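Throughout, residue positions are numbered sequentially from 1 according to the sequence presented. In this text the structure is predicted, and so the values were computed from the model without any measurement.
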Amino acid sequence: MEYQELYNEYASLLQDKTDRQKRLASLKDGYISNKTISGKKYVYLQYRVDGKLSSEYVREDHLPVIRAELDERAGILENIRDIDGRLEKIEAAANILNDNLHRTLVTLRRCAAMEAMSTEERIKSLAFSSAMTALEGIPASEETERNLSRWANGDLSFQESYLNTLRAYRLAEV
C-alpha cells in the first residue's frame with residue numbers, strides 16, 4: 001500500500017485514542033468540593049449526571065485515590081486532544097496526497113469511535129439500529145447481524161464487521 005507509514009501512524013494513533021477513551025470510562029469524573037457543616041469539614045466529589053449535579057461523600061483516607069483518578073483523567077483528556085490534533089494533520093495531508101488514502105483513514109476513524117463504546121453502549125446501539133431497520137423494512141443479513149453481535153460482545157472488531165459488510169455488497173475492495 002502506498003503511504004503505508006502514514007496509514008500505520010494514523011491507525012496507531014486511533015488505537016491509542018480508543019484505549020485512552022476506554023480508560024476514561026473507568027475513572028471518576030468531576031471535582032473535589034469542601035464543605036463545613038457545624039464546624040466540621042467534609043469532602044465531596046461533585047459531578048453531573050444527565051445535567052443534574054450530584055455529590056458523593058469522600059472519606060479522608062480515600063481522598064488521595066480520588067484526586068489521583070481526577071488527575072489521571074485530566075492527563076488523558078490532554079493526551080486525547082494532542083492525538084486529535086495529529087489525526088487532523090494526517091487527514092489533511094492524506095486529502096492532498098491521495099483520495100483513496102483519505103477515504104481509508106476516514107473509515108478507520110469511524111470504526112475507532114465504535115470500538116471505544118462500552119459493552120452496554122454497543123448493545124443499546126444494536127437495539128436502536130434493529131428498530132430503525134425494522135421501521136425502514138430493510139433487514140440486515142444474517143451474517144451482518146451475527147458480526148454485529150460478535151462486535152457487541154467484544155469478539156470481533158467493528159472495523160472487521162463493517163468491512164465484511166461493505167465487501168458483501170461490493171462497496172469496498174476485497
From OG (Ser33) to CD (Glu56), nearest 0.5 Å | 13.0 Å

Looking only at heavy atoms, which two atoms of Leu45 and Ile66 are closest? And how far apart?
-> CD1-CG2, 4.2 Å

hydrophobic_cluster_shared for Val58 and Tyr44, side chain cutoff 4.5 Å = no

Tell me, please, which residues at least two apart from Asp19 pass salt bridge (Lys or Arg N to Asp or Glu O under 4.0 Å).
-> none

Under the salt bridge (Lys or Arg N to Asp or Glu O under 4.0 Å) test, which residues partner Glu69, sequence neighbours left out?
-> none

Ile37 reachable from Val43 in the ILVMFWY side-chain graph, under 4.5 Å edges = no

Side chain to side chain contact (heavy atoms under 4.5 Å, CB included) partners for Glu78, two or more places apart = Arg81, Asp82

CG of Leu101 to CD of Gln4: how many Å apart, nearest 0.5 Å?
-> 9.5 Å

How is the hydrophobic cluster of Ile80 composed, in terms of its other members, when Ile, Leu, Val, Met, Phe, Trp and Tyr link through side-chain heavy atoms under 4.5 Å apart, directly or indirectly?
-> Leu24, Leu27, Ile76, Leu77

CG on Leu14 to CZ on Arg86, rounded to 0.5 Å | 12.5 Å

For the residue pair Gly30 and Leu70, what are the closest heavy atoms and their distance?
-> O-CD2, 3.5 Å

For Tyr47 and Asp29, work out which heavy atoms get closest and say how close.
-> CB-O, 3.4 Å

Would a 4.5 Å heavy-atom cut-off, applied to side chains only, mark Gln21 and Lys17 as touching?
-> yes

Extract all donor-acceptor atom pairs below 3.5 Å that involve side chains of residues 151-161 and protein atoms in other chains or at least two apart in sequence.
residue	atom	partner	partner atom	Å
Asn153	ND2	Ser149	O	3.1
Ser157	OG	Glu160	N	3.0

Can you sort out the partners of Arg110 under salt bridge (Lys or Arg N to Asp or Glu O under 4.0 Å), two or more places apart, ordered by chain and number?
-> none

Just wondering, do Arg109 and Val106 contact through their side chains at under 4.5 Å, heavy atoms?
-> yes

Considering only heavy atoms from C-beta outward, does the side chain of Tyr10 approach that of Thr104 to under 4.5 Å?
-> no

Which ILVMFWY residues can you reach from Tyr31 by hopping between side chains whose heavy atoms are under 4.5 Å apart?
-> Leu53

Roughly how far apart are Ile123 CD1 and Met117 CE, rounded to 0.5 Å?
-> 10.5 Å

Where the side chain of Ser12 meets the backbone of Asn8, is there a donor-acceptor pair that is under 3.5 Å apart?
-> no

By salt bridge (Lys or Arg N to Asp or Glu O under 4.0 Å), Arg59 pairs with (sequence neighbours left out) Asp61

Side chain to side chain donor-acceptor pair (under 3.5 Å) partners for Asn98, two or more places apart | none

Under the side chain to side chain contact (heavy atoms under 4.5 Å, CB included) criterion, do Lys52 and Val49 qualify, and how do the steps go?
-> CA-CA 5 Å; Lys52 183 179 174 189; Val49 176; 5.6 Å; no

Using a 4.5 Å cut-off on heavy atoms from C-beta on, say whether the side chain of Glu143 contacts that of Arg146.
-> yes

Can you tell me which residue pairs pass the ring pair (Phe, Tyr, Trp, His ring centres under 6.0 Å) test with a partner in residues 108-143, sequence neighbours excluded?
-> none

Any side-chain heavy-atom pair from Asp16 and Asn79 closer than 4.5 angstrom?
-> no

What pairs meet the side chain to side chain donor-acceptor pair (under 3.5 Å) rule with one or both residues in residues 34-43, with sequence neighbours excluded?
-> none

Can you tell me which residue pairs pass the salt bridge (charged side-chain N to carboxylate O under 4.0 Å, His left out) test with a partner in residues 115-130, sequence neighbours excluded?
-> Glu115-Arg122, Glu120-Lys124

Heavy-atom closest contact (Ala94 atom, Leu105 atom, distance) | CB-CD1, 3.5 Å

If you look at every heavy atom in Thr18 and Ala112, which pair is closest and at what distance?
-> OG1-O, 3.6 Å

